[in-house]
Amino acid sequence: MTRISKQKRLMILAGGALVALNWALTPAFAQSTGAWPSKPVRVIVSFPPGGAADQIARIISQPLQEALGQPVVVENRAGAGGNIGADAVAKSPADGYTLLMSSGGTVSINPHIYARMPFDPTKDIVPVAAAARVLVFLEINPTKIPVANIKEFLAHLKANPGRLSFGTPGSGSSPHLAAEMMKAQTGTFATHIPYRGAAPAMQDLLAGQIDFMFDPGIGLNHVRTGRLKMLAVGSPKRSPLFPDVPTLDEAGLKGFDADSVFGFYAPAGTPPEVISRLNREINRILGTQAVKDRVASLGGEVMPLTPAEFAAKASNDSKRFGALIKERKIIGD
C-alpha cells in the first residue's frame, strides 16, 4: 500500500476544505441547508392593482426587501373574492418564497359564501403577520345624491327602495358586508353591483354609474377635493383623518363594525423559523413612522400581531361575519 506523506495529506485536506467553502457560498447550498432567503420572495396580492391590499403590499415590500437582502416582488392575481390568488399560494412550495397578501375575508368570509373552496383556509395556508386594520367609509357621488349628512342619506335610501345602487370589490368583501349591515339595520334596499376590486368600483362611483360605496380608503383624496362626499365611518371609532365624520354607530346603527384586517399568509408547512423571521421584520416595519403615515393616508392603521394573534382575529371575524352572511343569504360571485 502506498504511504502518503504528512505534507500531501495536509494538502489534500486543505483542498477539500476550499471546495467545501466554495460550495457553502453558493445559493444551492444555502437552500439545501435552510438558510433563508437566498433568492427573491414573491408576494401574491389576491386583488387588482390600486386597491387597499395592493397598496399595503407595496408600502411594506420595499423596506422588507431591504431587511431580507433579496428582491420582494409583488404580483396581482385577482378574482373569486381573493380565492384565485390565495389558491395559488396554497399550492406553492412551502419554502418561504411565496407569500399571500389579502384581506381577512379570504379566511374569515369566503368559506361562508362559496359552496366550494379551491383550498382549505384553515389547513392550506397559515398566518404570517397582520399588516393593517382597514376602515370603510360610506361615500356618495354628491352630483347624484344631494344630501347633507348621514341621516338625510338614510331617509333618501328608505324613500327610494331599489332605486339606488352601490359598488363593492366583490360579493362577501368587507365593503359588501358593510352595506348589508346597513341595509339590515335600517330596513332598506339597494342594488348590489360587485366589481373585481375596489379600484374599478371607485371609478364607477366617480363617473356616476353607481350611487354610493363603502370605500376601503382608496378614494380619500377624492373626498378632500369634493368629488366625493363622506357621510359616515363603518368602524367602532371615528377616523383621525376625518374627525368630524360620525360613525354609523353614532348615527343609530348600534354596534356597527365592518373593519377588516389585511395581512400576509404562507403555504402550510412553511418552516417556523421563516415565519418567525417574516413576522419580526414586518412588525418592525409597521413600527416605523413612514409606514404608519402611509397606511394612515389610506384611512387605516398598522396592526402588528403575532401569527397566533392574527389567527385568533380571523377566527373571531369568521364567527361575526358568518352570522350576517347566513342571515342575508350572501353567496360568492
Side-chain angles (χ1 to χ4, degrees), residues 52 81-82 103-115 133-141 144-145 147 149-195 198 201-202 204-205 210-217 219 228-239 245-261 299 313-333:
S103 70
T106 301
V107 298
S108 60
I109 294 173
N110 286 6
H112 297 288
I113 66 172
Y114 289 97
R133 179 191 294 274
V134 176
L135 284 62
V136 287
F137 305 88
L138 176 57
E139 298 164 5
I140 60 170
N141 185 319
K144 291 199 68 179
I145 307 178
V147 298
N149 53 51
I150 182 61
K151 290 187 178 180
E152 289 186 10
F153 171 76
L154 293 177
H156 180 75
L157 185 62
K158 186 167 288 189
N160 294 275
R163 295 181 182 177
L164 274 64
S165 62
F166 65 97
T168 73
S171 293
S173 61
S174 56
H176 180 206
L177 295 187
E180 294 297 337
M181 286 182 198
M182 181 180 71
K183 289 161 58 180
Q185 291 197 38
T186 58
T188 55
F189 176 73
T191 302
H192 175 214
I193 310 295
Y195 291 80
M202 178 57 62
D204 270 7
L205 180 63
I210 55 178
D211 298 296
F212 68 94
M213 176 179 173
F214 277 90
D215 170 25
L228 297 177
K229 184 176 181 63
M230 184 185 297
L231 298 176
V233 182
S235 306
K237 59 182 181 180
R238 294 191 181 198
S239 166
V245 177
T247 66
L248 281 167
D249 181 270
E250 293 173 305
L253 281 62
K254 296 304 178 185
F256 198 101
D257 178 9
D259 286 356
S260 180
V261 176
K313 171 62 177 169
S315 178
N316 290 336
D317 283 349
S318 178
K319 295 173 185 175
R320 181 165 63 95
F321 289 131
L324 175 71
I325 290 165
K326 183 177 181 180
E327 175 193 332
R328 303 294 293 179
K329 297 180 174 60
I330 298 171
I331 59 173
D333 297 329

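In this text the structure is predicted, and so the values were computed from the model without any measurement. One-based numbering along the sequence shown.
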Gap between atom [atom2] of [Y] and atom [atom1] of [X] - 0.5 Å precision:
X: Lys158; Y: Lys183; atom1: NZ; atom2: NZ; value: 14.0 Å
X: Phe321; Y: Ile113; atom1: CZ; atom2: CD1; value: 12.0 Å
X: Leu135; Y: Ser174; atom1: CG; atom2: OG; value: 10.0 Å

Can any side-chain N or O of [X] pair as donor or acceptor with the backbone N or O of [Y] at less than 3.5 Å?
X: Asp215; Y: Met202; value: no
X: His112; Y: Ser318; value: yes
X: Ser235; Y: Lys237; value: no
X: Asn141; Y: Leu205; value: yes

With sequence neighbours excluded, residues passing salt bridge (charged side-chain N to carboxylate O under 4.0 Å, His left out) with Asp211: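 Per chain and number, Asp211 pairs via salt bridge (charged side-chain N to carboxylate O under 4.0 Å, His left out) with Lys144.
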Side chain to side chain donor-acceptor pair (under 3.5 Å) involving Ser103 - partner list, sequence neighbours excluded: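 Checked Ser103 against side chain to side chain donor-acceptor pair (under 3.5 Å); zero matches.
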Show the nearest heavy-atom pair for residues [X] and [Y], with the distance to one decimal.
X: Leu154; Y: Met182; result: CD2-SD, 4.0 Å
X: Asp259; Y: Val136; result: OD1-N, 4.3 Å
X: Val134; Y: Pro216; result: CG1-O, 3.2 Å
X: Leu231; Y: Asn149; result: CD2-C, 3.9 Å
X: Ala201; Y: Gly167; result: CB-C, 4.3 Å
X: Glu139; Y: Leu228; result: OE1-CD1, 3.5 Å

Side chain to side chain contact (heavy atoms under 4.5 Å, CB included) against Val245, all qualifying residues, sequence neighbours excluded: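 By the side chain to side chain contact (heavy atoms under 4.5 Å, CB included) rule, Val245 matches Met230, Val233, Phe242.
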Derivation of the side chain to side chain donor-acceptor pair (under 3.5 Å) call for His156 and Glu152: CA-CA 6 Å; His156 180 75; Glu152 289 186 10; over 6 Å; no
Phe212 ring center within less than 6.0 Å of Phe153 ring center: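 When the ring centroids of Phe153 and Phe212 are compared, they turn out to be within the sub-6.0 Å range.
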